[in-house]
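Atom set for the values below is all heavy atoms of this structure, side chains included, hydrogens, waters and symmetry mates excluded. Chain letters run A, B, ... following the sequence lines, proteins first, then strands; residues in each count from 1.
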Amino acid sequence: MRKVFPVLLILLAPVLAQTPLEKLRTALDRLRGPAHQAVYALWVERPGQSKLYRLKVYTDGERVHLRVLEPKAEAGQAYLSLGQDLYLYDPRLGRTLRLPPTGRSERFLGSDLTYQDLMGRDLEELFQVAEERGVLVLSPKPGAATPYGRVEVHLKEGLVERVLYFDQRGQAVRELRLGAYQRLDGAYLPREMELKDLLRPGYRTRLEVSEVQVGGVPERCFHPLYLERGC
Amino acid sequence: MSLLRLAWRSVLRQRRRTALLSLVVVYVTVATLFLLGFLDGYGESLVEAYAEYVEAPVAVAQEAWWADPDPEHGLKSLPTLAHPLVQAVSPRLSVYALLRSPYRLEGGLVLGVDPEGEKGLSRVPAKVAEGRWLRARGEVVLGQRLAERLDVRVGERLVVETGKAALGLEVVGLVRAGVSNVDFFGVYLHLEDAQALTGALATHLAVKVPRGREGAVAQALSRTLPPGLQAKGVWDLMGPIRADYEGSRLLYIPLLGLFMLLAAIAVVSTTYVSVRERLREFAVAESLGLTPWRLAGQVALEAALASGVGLVLGLLLGYALLWYTSTHDVFGPLMRMSVELLPESGLSEHLYTALRPAYALYAAGVVGLSALLALLFPGRLVLALEVPRYLKEG
Amino acid sequence: MLRLAWRNLLRTPGRNLATGGVVALVVFLSLVFLSVYAGAFDAFFRLLLERTGHLVVRVESYREKEDLEALTFAPPALPLPPGTQVEGVLEGQALVIAGERSRAAVLTGLEAGGLERQRKLLKAGRLPQASGEALLGEALARALKVGLGDEVVAYAPGGMGLGIFPFRVVGLLDLPETHLEARTLVVGLGDAQALLFPGRVTRLEIRLSGIGLYDQEPLEALKARLKPHLEGLTVETWLEANPLYAALLPLYDTVMALYVGIFFLLGGLILLNALYLSLVERVREFGLLSALGLTGRRVMALVFWESLLLVGVSALVGAGLGLLLHLELLDGFRLPLPQWILEQYREFGLPEVLYGRLGVKEVLLTLGYAVGVALLAALWPGYLASRLEPVEAMRYVP
């Protein structure tokens, strides 16, 4: 036992030595998965009704190109997230728009997810990270453009399992749960996401990832021009 | 002097008549004083609201900005203002932004200010009802009613977004100014934060000048400013509410004139009766060598004295009323209702009447008018007097 | 007695003409003022009614709700009397983007009838005729630097609709209130629903025909009939839907009585003065009448008759002239103020052209004031005349 202990310590050292910020970074890297393309099914549930979207997603882990496949009325809409910039293409508009920064915190396709939940890395950019009893506790950096007062990121084996958003009065307002992580090409991808609006019962959004193809996504997919043409 | 004493005696001889007459003049005098005090008080409350809270006594900006108030037409550099009446200058940056609290979103104008410079210019910093005024970057002060609408409290963060950038600012104070625009829509942040949100230096300069000199200083500044810049005085910075003030003056002042004329007619009626009763007296006086014009003058003097008694009483009563309404918030409930109905108007929740010595002069118009009419009507009786006929009758 | 009073009035035509003139002027001014005041009041409330509809159906507790999803509903079928118009309106917040500029605006989706009502506000261009066309408040167009034929994009994510919709500006609206104009985007209901929430509306506006402006009874009756058909919804009359403005309504009578009272107080004081003068001129005559056996009460009645006759005739003349001018005002008038002031008054809900209104209430109020003033003003001179001692009075020297 005495011999085993130092070996364990050496093996665990990189994990134990990670700062909370590094832990968050690693977890977020895993959240977005490797470079891949996939089909996302998005159920927007409201009391008494539900709506299903099917989206084709292309991502290199940092940048995301997202195209609406269904419902038909909205098919052809496409979104591109490049860091702080968010672009939108709408077939009726016939051109691509760069959305004002306000767009990033808007809800996506009428769901409870924001563009940020799907594509952004705001948790890392806008918050400072601490760790309390195994939970990453995020508080906004000075001047950060977020309305939240605190975010808790619950990790399980280094993967984000649950994100709890609190308003500035200490009340939990939304909860994001992630699960069914799949190890792909050395990285991880959550295949199921569920977001609940904690202030409004019956408001829920579910997301399921399927038809995952791991591998390099053509660079053109991350150019606003290709929102219209498709990538 | 003897003429005056004679006229005075005639007025006092008919005390009841004079008292009745005075009632009319008192009423008109009080009405005149009150209306003038109210209108001036209304004007002053608007000037105070716009000069000290909503805008500034004078503002200097690019001509293009006055036409299209967007930061793209902001000042490229801060001009120096050389005018002896300029007491303080502070740059401001006004920009349209979205305000996002955790619960609500609203669009509106936000004002980037220099926290210290603003203290010398505006009374908003002194009207922080909860928390404190701005000190540093990263802070925002909100009108109390706006904060209620957005559901944010002191210590919480508000996200301010323009088309170019977004900032999370801590609400450090809530303003309760009692001026509708400030309480309902006021958003004040550090000038440097506004610069970060827009990329502009400043949209205009707020300039403090003595009350009453705003228009003149603005004109003088406009002449000396570099080309493309224009200064505007507080009356030109006012919103549509100015029209209500101007319209009220245009409607009520002629009405006051009519009131005075009617009062003068009442005075002259009395004088007419009094002259007819004393035609023999006048005939004797004329036969003793007083000229008809001098007698007619006495009639006018009598009318002036009779109305003068009412005027003095009216002035006492009127000024007492004005003193009360200029020190007590009598119109508060009315103004608060107007503020709720017209939050964009820049109306103040309080309105105190003005109290100026000059009102006495305007109210004295009734005396002059009475004398003039007395000269025209009962005076004519005296001028057309057939002295022998009245002496013979005696 | 009446004939005597009449003869007495005619004996001093100059003064009585002047006093009568004052009374007539006061009555005239009161009627004109009331006609203008009621006209302005009506115009203010008519604008409100036009914007709201007689009855409005919304979701229950809509004032406490913020979210578009909670505020919208699928319009139910309603049992409405024939001739009643129902229009669905969908209203929501949207960010209107034009190039580098963007503004938060209220996007209002209207049915054909609602769009047609915008015609009189149209400053330039035309009404939307097809999908993808929009009306923009002039001030909003200025802020966004767009004009007719330009494109704006309405961005309103978060609803169950498309979240984004391009519109071509086909018309510019000149709304009375600039602050509303600066956040007004009006489109067809179909487009608004596609953008914000398919199949839903935020309110139903119900318009009835042949109902007086302030007539609330038929509205209450219809409201009661509709209630059982509105599950989760609430129906309000236009005044209930605008409580702040409704609070002004009870003030109307007070302000009206106060203003007219100010005129009449002056008229009354002048009348009192004239009656007293008339008394002092005829002290000897009153003494003679008393000596001939006329009782104090009859003398007093004589003064009252004189006052009533003087006021009555003058009030009739004043009322006649006032009504004549009112007939003119009935066809529409502008306040005698400079144009720039009239334009600015629109900001407060007062149109440039007003239409006079005189109800029975207003005419009765004025005549009531006149009679009241006639009686009150005669009280003291009448009392004095009735107390005159015949011998002393006949010896009276002024």
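- With chain B as partner, the option from C:L25, C:L350, C:N273 having the largest number of non-hydrogen pairs under 4.5 angstrom is C:N273.
- Of all non-hydrogen atoms in B:A243 and C:I341, the two that sit nearest each other are O-CG2, 3.6 Å.
- In this structure, chain B has heavy atoms under 4.5 Å from both the backbone and the side chain of C:L265.
- Between chain C and the options B:P240, B:S345, B:A266, B:S274, the largest number of non-hydrogen pairs under 4.5 Å is found for B:P240.
- A heavy-atom distance below 4.5 Å is not found between the side chains of B:L262 and C:F263.
- Within 6.0 Å of CZ in B:R9 there are 12 or fewer heavy atoms belonging to other residues, nucleotides or ligands.
- The contact between B:R276 and chain C is made entirely by side chain atoms (from C-beta outward), counting heavy-atom distances below 4.5 Å.
- Classification of C:R101 and B:D70 as a salt-bridged pair holds, one side-chain N sitting under 4.0 Å from a carboxylate O.
- The shortest heavy-atom contact between C:A104 and B:G107 is CB-CA, 4.1 Å.
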Item to check | Test log, rule side chain to side chain contact (heavy atoms under 4.5 Å, CB included), inputs C:L277 and B:R17 | outcome: CA-CA 8 Å; C:L277 290 179; B:R17 224 178 275 184; 3.7 Å; yes
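- A donor-acceptor pair is defined here as one N or O able to donate and one able to accept, closer than 3.5 Å; no such pair exists between the side chain of C:Y276 and the backbone of B:R16.
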Item to check | Test log, rule side chain to side chain contact (heavy atoms under 4.5 Å, CB included), inputs B:M337 and C:L248 | outcome: CA-CA 9 Å; B:M337 197 166 98; C:L248 284 181; 3.1 Å; yes
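- Taken to the nearest 0.5 Å, the CD1 atom of C:I262 stands 5.5 Å off from the OH atom of B:Y27.
- The parts of B:E246 that come within reach of chain C are both its backbone and its side chain, each placing non-hydrogen atoms under 4.5 angstrom from that chain.
- Residues C:W380 and B:L20 are in side-chain contact: their nearest non-hydrogen atoms beyond the backbone lie under 4.5 Å apart.
- For chain C, the nearby parts of B:D244 are the backbone and the side chain; heavy atoms of each come within less than 4.5 Å.
- Side-chain atoms of C:W340 and B:R242, non-hydrogen and from C-beta on, do get closer than 4.5 Å to each other.
- If you measure heavy-atom distances from B:L255 to chain C, the contacts under 4.5 Å come from the side chain alone.
- A pairwise comparison of heavy atoms in B:L250 and C:P338 identifies CD1-CD, 3.4 Å as the closest pair.
- No part of C:L342 comes within reach of chain B, as not one of its non-hydrogen atoms sits under 4.5 angstrom from that chain.
- Residue contact with chain B, scored on non-hydrogen atoms closer than 4.5 Å, involves the side chain of C:Q93 exclusively.
- Atom OH of C:Y383 is surrounded by 12 or fewer heavy atoms from other residues, nucleotides or ligands within 6.0 Å.
- To the nearest 0.5 angstrom, B:S22 atom OG is 11.0 Å from C:L269 atom CG.
- Contact of C:L384 with chain B is made through the side chain alone, with heavy-atom distances under 4.5 Å.
- Cation-pi check for C:R103 over B:Y96 is met; the charged atom lies under 6.0 angstrom from the ring centroid and within 45 degrees of its normal.
- Note: B:T270 leads B:T270, B:L21, B:V268 in heavy-atom pairs under 4.5 Å with chain C.
- Between atom NE2 of residue C:H179 and atom CZ of residue B:F185 there is a gap of 7.5 Å, rounded to the nearest 0.5 Å.
- C:L29 has its side chain within reach of B:L258: a pair of non-hydrogen atoms, C-beta onward, lies under 4.5 Å apart.
- A salt bridge links C:K145 with B:E72: the closest approach of a Lys/Arg side-chain nitrogen to an acidic carboxylate oxygen falls below 4.0 angstrom.
- Residue contact with chain C, scored on non-hydrogen atoms closer than 4.5 Å, involves the backbone and the side chain of B:F259 alike.
- Using a 4.5 Å heavy-atom threshold, the side chains of B:L341 and C:F348 count as separate.
- With rounding to the nearest 0.5 angstrom, the OG1 atom of C:T19 is 9.5 Å from the CD1 atom of B:I265.
- Highest contact tally toward chain B, considering only C:V26, C:L335, C:T178, C:L266, is held by C:L266 [criterion: heavy-atom pairs under 4.5 Å].
- The nearest pair of heavy atoms linking C:V280 to B:V273 is CG2-CG1, 4.4 Å.
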Checklist entry - Between C:L95 and B:L98, is a side chain to side chain contact (heavy atoms under 4.5 Å, CB included) present by the stated rule, with each step listed? => result CA-CA 10 Å; C:L95 191 72; B:L98 289 175; 3.6 Å; yes
